[in-house]
Amino acid sequence: MPKIDVNGARLGYDDTGTGTPLVLLHAGIADRRMWREQLLALADRYRVIVPDLRGYGESELPQTEFAHHDDVAALLAALDIPRAVLVGCSFGGAVAIDTALAHPERVAGLALFGTAVSGHEWSEETNDLWEELVGEVDPADLAANAAAEVRFWVVGPGRRPEQVDPGLLALAEEMDRRALAAELALSAVDLAELDPPAIGRLADLRVPVLVTAGAADVPEISRLADRIAAEAPYALRRPDVPDAGHLLPLERPEAVNHILLDFLTGIDRA
């Protein structure tokens, strides 16, 4: 797989297709493989760049201070791309939003699926839901933690594991085990956060914003999508995708691809 030097780190990435550039940013419980269906579906009309964020997947983690949003801007510069539409899921959506606020000249639009937002504090309701569904897990047991996170996020509170494709669950657990190891390594590196964080700056997003979530995801994710749509001036809130958890681009690719193509067609026409 190709790698590219970005701010002193080598990032693994895919780059295929021609046309309007898109950068797909993965969830914190995954890596760039979660976008495999979008890469196939979009590359005949768009230039699709799918990186592993620093420390995740095939990307390196030098022991120097960095910011994920600065890495995204530097990736575009390294690829000689003036502006791109950023597509993010979960933590990748938070990185996309932060990039749009820190480097607005680099971002032509945001498509956010089950997104997080920097500075958002999880509610007591969500913490209680974790206790109800998962309970206490040994923090040193990566496999147990991956299984717990997949139960909570990928299956979701309103479904049982046997109702979800076992192949999806197996891939999600494998990606999450690697992601948890990445997060452990990242905890030893200084990470520069967006200051002030994005949760209080959504009104400053001056680009088209698409936001949706999985209908089977944790309820707070859908409420967060509602908040983005209410505060970002050019936001479009699409209905939640039926029978989809937190990794909805991987679980319901046809629905997500349709939503994405409709949004991107509007940007192309503008």
> Below 4.5 Å, heavy atoms only, C-beta onward: do Tyr13 and Leu79 meet side chain to side chain?
yes
> Hydrophobic clusters here meaning ILVMFWY residues chained together by side-chain heavy-atom distances under 4.5 Å, can you tell me if Leu180 and Leu133 are in one?
no
> Could Arg45 and Asp268 be called an ion pair, given the rule that one side-chain N must be under 4.0 Å from one carboxylate O?
no
> Between Leu25 and Pro51, is there a side-chain heavy-atom distance shorter than 4.5 Å?
yes
> side-chain contact (heavy atoms from CB on, under 4.5 Å) with Leu250: which of Val256, Asp165, Leu168?
Leu168
> Looking at Arg33 and Glu174, is there a salt bridge between them, counting it only when a charged N and a carboxylate O are closer than 4.0 Å?
yes
> Without swapping roles, check the side chain of Asp262 against the backbone of His258 for a donor-acceptor pair under 3.5 Å.
no
> Is Arg177 salt-bridged to Glu183, going by a charged N under 4.0 Å from an acidic O?
no
> Look at the side chain of Ser118 and the backbone N and O of Ala198, then say whether any donor-acceptor pair between them is shorter than 3.5 Å.
yes
> Once you round to the nearest 0.5 Å, how far does CG of Leu61 lie from OH of Tyr56?
10.0 Å
> Take Val72 and Leu86, measure what side-chain contact (heavy atoms from CB on, under 4.5 Å) needs, and give me the verdict at the end.
CA-CA 9 Å; Val72 174; Leu86 305 185; 4.2 Å; yes
> Within this structure, what is the NE2-CZ distance for the pair His103 and Arg83, rounded to the nearest 0.5 Å?
14.0 Å
> Quick one: are Leu24 and Met34 in side-chain contact, heavy atoms under 4.5 Å?
no
> How close do Ala203 and Pro233 get, counting heavy atoms only, and between which atoms?
O-CD, 3.5 Å
> Would you kindly say whether Asn257 and Gln38 are connected by a side-chain donor-acceptor distance under 3.5 Å?
yes
> State whether the side chain of Asp176 and the backbone N or O of Ala179 hold a donor-acceptor pair below 3.5 Å, judged by distance alone.
no
> If you define the side chain from C-beta out and look only at heavy atoms, does anything of Val48 sit under 4.5 Å from Asp14?
no
> Would you please test Asn7 and Arg54 for side-chain contact (heavy atoms from CB on, under 4.5 Å) and show each step?
CA-CA 10 Å; Asn7 287 342; Arg54 187 186 299 221; 3.4 Å; yes
> For Ser222, which residues count as a side chain to side chain contact (heavy atoms under 4.5 Å, CB included) partner, sequence neighbours excluded?
Arg237, Asp240
> If you define the side chain from C-beta out and look only at heavy atoms, does anything of Pro166 sit under 4.5 Å from Pro161?
no
> Can you see whether His120 engages Glu220 through a side-chain donor-acceptor pair at a distance of less than 3.5 angstrom?
yes
> For the residue pair Trp35 and Phe113, does the interplanar ring angle fall in the parallel (under 30°), tilted (30 to 60°) or perpendicular (over 60°) class?
perpendicular
> Thr115 and Ala94: which non-hydrogen atoms are nearest, and at how many Å?
OG1-N, 3.5 Å
> Where the side chain of Gln163 meets the backbone of Arg160, is there a donor-acceptor pair that is under 3.5 Å apart?
yes
> Ignoring hydrogens and geometry beyond distance, is a side-chain donor-acceptor pair present between Asp217 and His246 at under 3.5 Å?
yes
> Any sub-3.5 Å donor-acceptor pair from Arg201's side-chain atoms to Pro196's backbone N or O?
yes
> I'd like to know whether Glu125 forms a salt bridge (Lys or Arg N to Asp or Glu O under 4.0 Å) with Arg223, so could you lay out the CA-CA distance, the side-chain angles of the two residues, the decisive distance to 0.1 Å, and finally the verdict.
CA-CA 12 Å; Glu125 173 194 344; Arg223 294 197 296 268; 3.1 Å; yes
> Answer yes or no: are there more than 12 heavy-atom neighbours, outside Glu162 itself, under 6.0 Å from its atom CD?
yes
> Step by step, would you call Leu112 with Leu210 a side-chain contact (heavy atoms from CB on, under 4.5 Å)?
CA-CA 6 Å; Leu112 308 171; Leu210 164 74; over 6 Å; no
> Which value, rounded to the nearest 0.5 Å, describes the distance between Arg47 atom CZ and Leu22 atom CG?
10.5 Å
> Does Thr126 reach the main-chain N or O of Trp122 with its side chain, forming a donor-acceptor pair under 3.5 Å?
no
> Indicate, with yes or no, if Leu169 and Val137 share a hydrophobic cluster defined by side-chain heavy-atom contacts under 4.5 Å among Ile, Leu, Val, Met, Phe, Trp and Tyr.
yes
> Rounded to the nearest 0.5 Å, how far apart are CZ of Arg252 and CG of Leu247?
12.0 Å
> Following the transitive rule for hydrophobic clusters with a side-chain heavy-atom cut-off under 4.5 Å over Ile, Leu, Val, Met, Phe, Trp and Tyr, establish whether Leu142 and Ile29 coincide in one cluster.
no
> Between Gly114 and Leu248, which heavy-atom pair has the shortest distance, and what is it?
N-CD2, 4.1 Å
> For the atom pair CG (Leu76) and CD1 (Ile49), what is the distance rounded to the nearest 0.5 Å?
7.0 Å
> Would you check if the side chain of Arg106 reaches a backbone N or O of Pro82 as a donor-acceptor pair within less than 3.5 Å?
yes
> What about Tyr234 and Ile267, same hydrophobic cluster or not, with Ile/Leu/Val/Met/Phe/Trp/Tyr joined at side-chain heavy-atom distances under 4.5 Å?
no
> For Arg178 and Asp31, indicate whether the former's side chain and the latter's backbone hold a donor-acceptor pair under 3.5 Å.
no
> What is the minimum heavy-atom distance between Val207 and Ala108, and which atoms define it?
CB-O, 3.9 Å
> Rounded to the nearest 0.5 Å, what's the gap from CG on Leu11 to NZ on Lys3? Could you check?
9.0 Å
> Any idea which heavy atoms bring Ile228 and Ala235 closest together, and the distance?
O-CB, 4.0 Å
> With distance as the sole test, does Ser59 use its side chain to make a donor-acceptor pair with the main-chain N or O of Gly12 at under 3.5 Å?
yes
> Does the pair Phe91 and His68 meet the rule for a ring pair (Phe, Tyr, Trp, His ring centres under 6.0 Å), with working shown?
CA-CA 10 Å; Phe91 175 65; His68 287 296; 5.3 Å; yes
> Find out whether Phe152 and Leu129 are in side-chain contact, i.e. whether some heavy atom of one side chain is under 4.5 Å from a heavy atom of the other.
yes
> Can you tell me if Glu131 has over 12 outside heavy atoms packed within less than 6.0 Å of its CD?
yes
> Please report the shortest heavy-atom distance between Leu110 and Ala100, naming the atom on each side.
CD1-CB, 3.9 Å
> Just so I know, are the side chains of Arg159 and Asp243 near enough to count as touching, which here means a heavy-atom distance under 4.5 Å?
yes
> With a 6.0 Å cut-off (strictly less than), is the heavy-atom count around CD of Glu105, excluding the residue itself, greater than 12?
yes
> A side-chain contact here means heavy atoms from C-beta on lying under 4.5 Å apart; do Leu202 and Val117 qualify?
yes
> Could you see if Val95 belongs to whatever hydrophobic cluster contains Leu191? Use Ile, Leu, Val, Met, Phe, Trp, Tyr and a side-chain cutoff under 4.5 Å.
yes
> Under 4.0 Å between a side-chain nitrogen and a carboxylate oxygen: does that hold for Glu58 and Arg32?
yes
> Would you say the side-chain atoms of His26 pair up with the backbone N or O of Leu53, donor to acceptor, closer than 3.5 Å?
yes
> Leu205 vs Leu101, test: side-chain contact (heavy atoms from CB on, under 4.5 Å). Steps then yes/no.
CA-CA 7 Å; Leu205 294 171; Leu101 293 169; 3.7 Å; yes
> Within a radius of less than 6.0 Å around CD of Glu121, do more than 12 heavy atoms belonging to other residues, nucleotides or ligands occur?
no
